[in-house]
Amino acid sequence: MLNLLKSEWLRFRFWAAGFGLVHVLALGFMARVVDLAQQPLLVHWVIGGLYALAGFLFGLYQIGSYRKPSQWLNLLHRPLPPTKIAAALFGAAGVALLVAVALPLLVIALYQANLTPRVVDVRHWLLPWAAWGVAACAYLAGVFASLRGKHYGGESIVLLAGIIASQAYGFGLIAVMCLIGAWLAMLAFEAFKPDLTAPPRDLVVTLAQALPLSAAAFGLMALLMLAIEMLWIAQGSHPNNTPTPPANGINEVKKAAPRERMLAALRNSTHPDAPLLREQIRMSEPMGIEVQMPKQPQRNELANFRPMEFDDSLNKVRWVFSHDDMRFHGYGLETPRAAGTFGIGANNAAFPSVVLPAGGLAGKAEGDAVLVGGHCLYQFVAETRHALRRLCARRGETLLGAGPVGESLVALSDRALYFFDGRPLVEHHQLIPPRSRTPLPGKTGDLLAVDLIELVDGYLVTLTYGRRSHSPDGSRALQTTLRQMENRPAETLAVRHLDADYPLLWRYRNFWPSPALYHGLQAARTLFAPTLPLDSTAPVPVPRGIWMFAALLSILAAALAWHRALQARLPATQAALWIGLNLLLSLPACAAMYWRVRPQALD
Amino acid sequence: MGLSRFRTLLAVGVLTLGVAPPATPRPTDSTLAAAVRDAQARPADPRMARAAFLPREVINEVQLSPDGMRLAWLQSQGELREVWFQDVATGRRQRIASRTSAQTLVWTGSGRWLLLASPAALQAVDRDGRHTRVITALGGTRQREVLRVDSTRDAVIVLDRAGRDAHGQVRQWRLSRVDFQGRETLLFTSVPRVVNLTLDTKGRVAWVQRVATGALTLERLTPGGLHEVTRCSALHKCSLLATAPNGDLWLRGDLGQDLTGLQRLSPSGTVTSVMRDPRGIADVDRVLVDPVTAQPRGVSWRSDVAFNRFLAPDGLQAERKLRGLLPDATLDIEPGHGTARWLVRTSYAWRPGSRWYLYDPRSHALQLAFDSGAVNARNGKPAAHWHGHAHVQPVTWRASDGLRLHGFVTLPPGVDLARAPLVVNVHGGPWNHVRPEYRGITQFLANRGYIVFEPNFRASTGFGRAQVFAAKGDFGNGRVQADIVEGTRWLLAQGVGHATRVGITGASFGGYSTLQGLTHQADLFKAGVAMVPPPDFAWTLRWTARNPEALNLANVIPMQDWLRALDLDLARPGWDATLRAQSPMANVAKLTRPLLMFAGGQDARVGIAGVIEYTARARLAGKDVTLLIDPKAGHSNRDPVAREAYLLALETMFARHLGGPPATAPDGEVRQFMVESMRCAGRDFAQWQRTRRDAS
């Protein structure tokens, strides 16, 4: 086996070395221009995508070169079991990918760590292995697709897509990659047998193939729904693009100007102050607050949602956040030399959570920057070269953004709105206590808009929920109007429930084809991933009618599976497995079965 | 130095020996009657377009070199500013810079350099305009500012903030001398904030003004260090001018007295009043100093009557001569060094623009240098030249509690003043005052046939501390408002204005007073137009104190401290109970007269939320209220279109409710502004609201 591995490696060594050389040159050129460790997520995706493509093509090519019957027989006609032959080929490919993908990244990381003042954290040292993992997974997917032909390739690609869909980060994402790699390896080893057309007999293997294939079918159904939606939009009667959105619906509110949105929220209110407040809204220019942190950076995540750096124009220093010591490290913008570190306060304390530069702030001097992370907003003071806490939500909350509201300041956390006076922001650098706190009645993931106007001694706030009211995981769409007066708890003036613009069947279009797959895929996406406040929603219970419809479809799928199993004369265990799977996974499993258990099997 | 000291002593002696200064006009009832007769006898002014009252001056910052031989000025060219020189002898003009961010021009004592100060840098241009050099950067993290030009050498004294502590407070203030080669010499450092300083004749720091808790200290710098001589507390004024040759400090202040005057402080702490208003009415507005030695040569007053007085007989004589040459004009004098030429700016309260003259105090020859080159603020074209004749007459009356108050009445010529409509124009602040100078709104109203009354009620500055403190925080429907109302009734009693045709207008506090007048004195005021009005003065103060604007309003003494000194203690529980109870906001139901308000969407001094809530309450109560909001405007609106719209609103409101001439139709831009700004349309402005609805 070792000899086969060696000969296979020798076969591809120049290709691997060549690829590795081109790779290191390309990365080296990029590293001269930019800090590769601080590239945004999109760049990571593009580069990772290239590694996946290279791995997939490599898998296709390597196995394709043995795919002719004579070559295949020649390959397997050795005194070795097929699994060992496969292990030798896969092992050689793994070494080649190591040279072509991981080694260049390692070389660049070494260069950045030793020859530049840039920040290289433990998470960056994991990147070569993560890149190798992506390429290896894609390679195995290519191998499987090559071995089983075009009818069987789909499930491997679906598994590969699981890496992108996963919300895990850092070591969690590597664990997800390992699981996917193991799954793909199992498929590849199982497919690596003399009769490439023989269907799997092992129930576990059948299940291992059927599940991703069902997921692929589920994805195709979602795409089909999307295509239908496009046609609906083109036809012109889709609630999203009718000239006038349906009355009292979420689209009407979403498309309305902030003033109209606030007025609508109070339209039917019987509160005695509602007429006065409506007049005030009509004359005011409502302000909104934006989420400045649409994605929560996590400690030791492999990629950056956006570069974790900012330029200090006063000291001519670029400050880069290090996940290792949770401080910023600087290097000169004009002369690339290390320029020290900074943390919180004069004693340079570590930040309690990962912080990102975000937006502006009144009272910022030249070189100063605003940093947001955890429950606090910090101001980097260029003059003293340290960061100071300026605004904080309650401990345990996550600050999502802050912005001016008139002469004051409002901050949004995942659980409340905070109002701060503007004067202390400019006057000193101390922590500013909030003047008032308005608890949010819903989850941040459902929050569509925050509109507010200033009142004498307070604020009028309209919260519109229903960002995901078109899908099963969102809350019901509604508007809540709150009045936050100074030194008083917030008062709810009105709650306006909004109509659903779509039929229930449409809202749950990704649910009723397979409730089990819907929940299963959701769980798979969040495997090893923390619950992020921005993704947190309060879904309404699925209506009983949708459940019944889904159950009917499951029974129908099971009946079709039974029929197909009869036609295919499947062994009883295989038939039972497919029927059970159809009962559980409904239509996607049925589609997978009709795709996999092909008419040829009837012969 | 000896001669200078002799001059100063002589000047002090002139006053102390009782040599009477020239007679100064004192407003009386008889002068008002004479002014009324005069105005009625003159022909009426032609009716001018609204834009004629919104001129923009092209030339400003005119500076004459200490030797009187070179003029420098800033000239606006569209959005750009240019620096110009003129050789006085030949009249040759030269453009030195075609694009500058400089806002201030100052000649050095030697006259060799002209300093150009912008927020970001201090530059110097040599007197021939050939060489320019940057002396130092200004602002930045050190917040460097120039405190003084060192007349003894080519250098400036700058103040830096040196570092901040962990709480963002300044650790230290550093005073340095920067010469024109850019070399810096540290003079001294200070933990308390340094506000100002003076130098002695050798260029050494002599006196320093620093911030203490709620006060300013005046300290003498000796080889042993700084020694506090006195402190200016309780809002006493003490602006440093110069070090006298004998080491005393010249200052413009009111230490130990009611009126602000020219004072002298000895190192032992003795304060000598050198010059103050001989009539005992007004604060000194400005001290006229020698451009080289910075020694005072005279003072000027601008509270009720504009006049100047010089310390030395030659100055007195020259000033008298000037008044003979330029009768009726307000003279802003910049004396030259020694016998060098003076720069004299003339202006008139009833005419826009100003002129600059060069005056030779030896020959008494007067030479016109140029006029301000006013242009139409709307289109930048030369403004229409016209000379209005609505003279601004200073008046005085006694409030019901006996306090003597002052103000101005502007009388339109050629109309029966006993039957003419009267508009009360209340100034903002309230810690401010109306001056005898040109105001476009006043002259516009007079051009439309309205008598305009502009009272300097208690709390107004410019008339001594007693008048400022007499308000005692009574800014509701109380003593301050009573001053305005009593002044109006007194004027009506003098046969000026018709009692059934009285309107009220004003900006900021003036707008507040307008709302108060229409709410509580509806029998007197028949209509009102308010600009950026706070409908609840107490809330506005509290709101401003929490916002960054509070720092702009309190450069040295914190806003809450000076408010406390004025009987408005924001920290005292219940301090605002009366103000809130008497506020227009709390008394919307009593509003019975038509009201129009203008507000700025970005106003940092008067919260727009208050104006909106007041309007909403009034509208729901069925009141005749109109509100226009310019979303881009702050507390003052410099947009000429908005300003013309304000004149249109004044004209429309007072035409309908006081019987003035109807307004002419606005042009497209003003019309569009009105439509887009209209948030609530009263009965007189309903057509604009309809147009807005149609547009939307």
Side-chain angles (χ1 to χ4, degrees), chain A residues 257 259-260 273-285 287 313-315 344-347 362-368 379 381-384 386 388 390 404-409 419-432 435 452-460 486, chain B residues 139-143 161-171 534-536 538-540 542-552 554 558-560 580 583 585 588 599 601-605 607-621 627-629 631 678-680 696:
Chain A
R259 184 186 290 132
E260 276 62 45
D273 289 344
L276 175 67
L277 293 168
R278 282 195 289 265
E279 286 294 338
Q280 288 177 254
I281 295 167
R282 275 194 196 99
M283 295 178 211
S284 301
E285 294 287 346
M287 292 161 278
S313 56
L314 179 72
N315 299 303
I344 303 172
N347 57 356
K364 246 176 48 169
E366 187 191 356
D368 286 10
Q379 181 177 359
V381 183
E383 192 181 352
T384 53
H386 53 237
L388 298 166
R390 301 306 314 276
V405 47
E407 296 298 306
S408 305
L409 199 80
F419 295 93
F420 299 88
D421 289 347
R423 175 178 168 176
L425 205 62
V426 181
E427 195 171 24
H428 56 68
H429 289 160
Q430 289 163 279
L431 182 65
I432 308 169
R435 185 157 288 282
L452 54 95
I453 61 166
E454 189 177 3
L455 304 174
V456 172
D457 287 334
Y459 293 90
L460 185 72
E486 208 172 287
Chain B
T141 50
R142 290 182 297 174
Q143 293 182 356
R161 199 194 63 180
R164 283 182 182 273
D165 63 16
H167 303 305
Q169 303 302 327
V170 177
R171 278 208 183 99
D536 181 338
W539 176 73
T540 298
R542 201 150 44 85
W543 183 84
T544 308
R546 288 172 181 177
N547 292 329
E549 184 65 10
L551 304 176
N552 297 331
M559 181 183 174
Q560 59 270 29
R580 297 200 90 160
S583 70
M585 180 77 92
V588 168
Q602 309 295 323
D603 195 336
R605 214 165 278 186
I608 190 74
V611 183
I612 287 175
E613 182 168 331
Y614 175 74
T615 310
R617 286 182 186 280
R619 187 182 161 96
L620 284 179
L627 172 65
L628 291 105
I629 298 178
M678 189 66 68
R679 297 300 167 90
C680 173
S696 63

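Throughout, a chain's letter reflects where its sequence line sits, starting with A, and its residues are numbered from 1.
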Mind checking the CZ-CG spacing from A:Arg278 to B:Leu620? Nearest 0.5 Å is all I need. 9.0 Å
Note: vs chain A, highest number of non-hydrogen pairs under 4.5 angstrom among B:Ala609, B:Ala550, B:Gly601, B:Gly607 is B:Ala609
Is it the side chain or the backbone of A:Glu383 that comes within 4.5 Å of chain B heavy atoms, both, or neither? side chain
Minimum-distance pair of heavy atoms, taken over all atoms of B:Ile612 and A:Ser284: CD1-OG, 3.4 Å
Do the non-hydrogen side-chain atoms of B:Arg546 and A:Glu407 ever get within less than 4.5 Å of each other? no
List the residues meeting side chain to side chain donor-acceptor pair (under 3.5 Å) with A:Gln379, not counting sequence neighbours, and say none if there are none. A:Asp368, A:Arg390
Between A:Glu285 and B:Arg679, is the salt bridge (Lys or Arg N to Asp or Glu O under 4.0 Å) condition met? List the steps. CA-CA 11 Å; A:Glu285 294 287 346; B:Arg679 297 300 167 90; 2.9 Å; yes
Assess the residue pair B:Arg142 and A:Glu366 against the criterion (salt bridge (Lys or Arg N to Asp or Glu O under 4.0 Å)); give the C-alpha distance rounded to whole Å, side-chain angles, the decisive distance to 0.1 Å, and a yes or no. CA-CA 10 Å; B:Arg142 290 182 297 174; A:Glu366 187 191 356; over 6 Å; no
Using the side chain to side chain donor-acceptor pair (under 3.5 Å) criterion, which residues pair with B:Glu613? Sequence neighbours excluded. B:Arg617
Greatest number of heavy atom pairs closer than 4.5 Å to chain A - which of B:Ala604, B:Gly610, B:Ala616: B:Ala616
What part of A:Val456 gets closer than 4.5 Å to chain B, counting heavy atoms only: side chain, backbone, both or neither? both
For residues B:Arg542 and A:Asp457, determine if any side-chain heavy atom of one lies less than 4.5 Å from a side-chain heavy atom of the other. yes
Can you find a pair of side-chain heavy atoms, one from A:Gln280 and one from B:Tyr614, that are under 4.5 Å apart? no
State, to 0.1 Å, how close B:Asn547 and A:Ser408 come at their nearest heavy-atom pair, and which atoms those are. OD1-OG, 3.8 Å
Contact between B:Thr141 and A:Leu314 at the side-chain level, heavy atoms closer than 4.5 Å - yes or no? yes
Side chain / backbone / both / neither for A:Leu388 at chain B, heavy atoms under 4.5 Å: side chain
Could you pull out the closest heavy-atom pair between A:Met283 and B:Cys680, with the gap in Å? CE-CB, 4.1 Å
